[in-house]
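Remarks on the structure that follows.
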Amino acid sequence: MDDRFNTIAGWVLFAGIVALGSSIVAGELFHGERPEKMGYPIEGVVLEGEGEAEAEKPIAFYLASADPAKGQSAFNKCTACHNAAPGGANQIGPNLHAIMGAPLAAKPGFAYSDALKSKGGTWTWGAMSAWLKSPKVFADGTKMNFPGMSNPQDRANLLAWLNTQRSNLPLPP
């Protein structure tokens, strides 16, 4: 072999060693630790769940435009566990006929959870709305396995329909 090949191979080997050595030195000099929060903030962008969310209006606001017919169709989801027939039997959940304005956990013949029994009070518009929004938040420890209704207009429609089932609770102002 001739000397040119050895010279070229030597320079390539030398360049590789220099590159490897400089990358090790640069890594030691400029090493950075992982930031606590990844990414860069962009002004004017609000992430979901951050910032001030619009507060939900009281249920009375939604009741002003509530449609009992839509509430009856919303009640179809509830029929798996409840009925609203006059004198109807309790199912997995209690009969909801004339429930609005009635005392909490007081329908005869149904075994309510201690969490709901301890709440006390009556099924007012606000109480029923809070219950339908999240039963677990309203009465922590309840036996009702329902995730809740997040849409306040759907809750208002359902409340308006429940009120037509011989409750006749006056609408809030």
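Values in this document were obtained by computation on a predicted structure and should not be read as measured data. We number each residue from 1, following the sequence as shown.
- Considering CG of D154 and NZ of K70, their distance stands at 9.0 Å, rounded to 0.5 Å.
- The closest side-chain heavy-atom distance from S167 to L162 is not below 4.5 Å.
- Here L159 contributes atom CG and L171 contributes atom CG; the two are 10.0 Å apart, rounded to the nearest 0.5 Å.
- Here the side chain of K143 pairs a donor or acceptor atom with the backbone of A111 at under 3.5 angstrom.
- Between T164 and W161, some side-chain heavy-atom pair lies under the 4.5 Å cut-off.
- Here the closest non-hydrogen pair linking Y112 and K117 is O-CE, 3.2 Å.
- With contacts defined as side-chain heavy-atom distances shorter than 4.5 Å, the pair P94/H82 qualifies.
- Heavy atoms of other residues, nucleotides or ligands lying less than 6.0 angstrom from NZ of K107 number more than 12.
- With N90 contributing its side chain and P108 its backbone, the two residues share a donor-acceptor pair below 3.5 Å.
- Across all their heavy atoms, A85 and H97 have their closest contact at O-CB, 3.7 Å.
- Looking at every heavy atom in both residues, G141 comes nearest to S113 through O-CB, 4.0 Å.
- Side-chain atoms of T142 and W131, non-hydrogen and from C-beta on, do get closer than 4.5 Å to each other.
- Rounded to the nearest 0.5 angstrom, N163 CG and L63 CG are separated by 9.0 Å.
- A continuous path of Ile, Leu, Val, Met, Phe, Trp and Tyr side chains, each step under 4.5 Å between heavy atoms, connects W11 with V18, placing both in one hydrophobic cluster.
- F110 CZ to I92 CD1: the interatomic distance, rounded to the nearest 0.5 Å, is 9.0 Å.
- The cluster map of Ile, Leu, Val, Met, Phe, Trp and Tyr, joined by side-chain heavy atoms under 4.5 Å apart, puts V25 and F30 in the same cluster.
- Distance alone, capped at 3.5 Å, places no donor-acceptor pair between the K136 side chain and the N145 backbone.
- Remark: D140 CG is loosely packed, at most 12 non-hydrogen atoms of other residues, nucleotides or ligands lying under 6.0 Å away.
- Between M128 and I59 there is no side-chain heavy-atom pair separated by less than 4.5 Å.
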Go through the steps to decide whether N83 and N95 satisfy the test side chain to side chain donor-acceptor pair (under 3.5 Å), and finish with yes or no. CA-CA 5 Å; N83 73 50; N95 181 310; 2.7 Å; yes

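- Inter-residue side-chain proximity for L116 and F138 is flagged as met; some heavy-atom pair is nearer than 4.5 Å.
- Contact between S150 and R155 at its shortest, heavy atoms only, is O-NH1, 3.3 Å.
- Considering all non-hydrogen atoms of both residues, A84 and Q165 come closest at O-OE1, 4.0 Å.
- For the pair C78 and L158, the minimum side-chain heavy-atom distance is below 4.5 Å.
- Considering all non-hydrogen atoms of both residues, F75 and L96 come closest at CE1-CD1, 3.7 Å.
- W125 has its side chain within reach of M100: a pair of non-hydrogen atoms, C-beta onward, lies under 4.5 Å apart.
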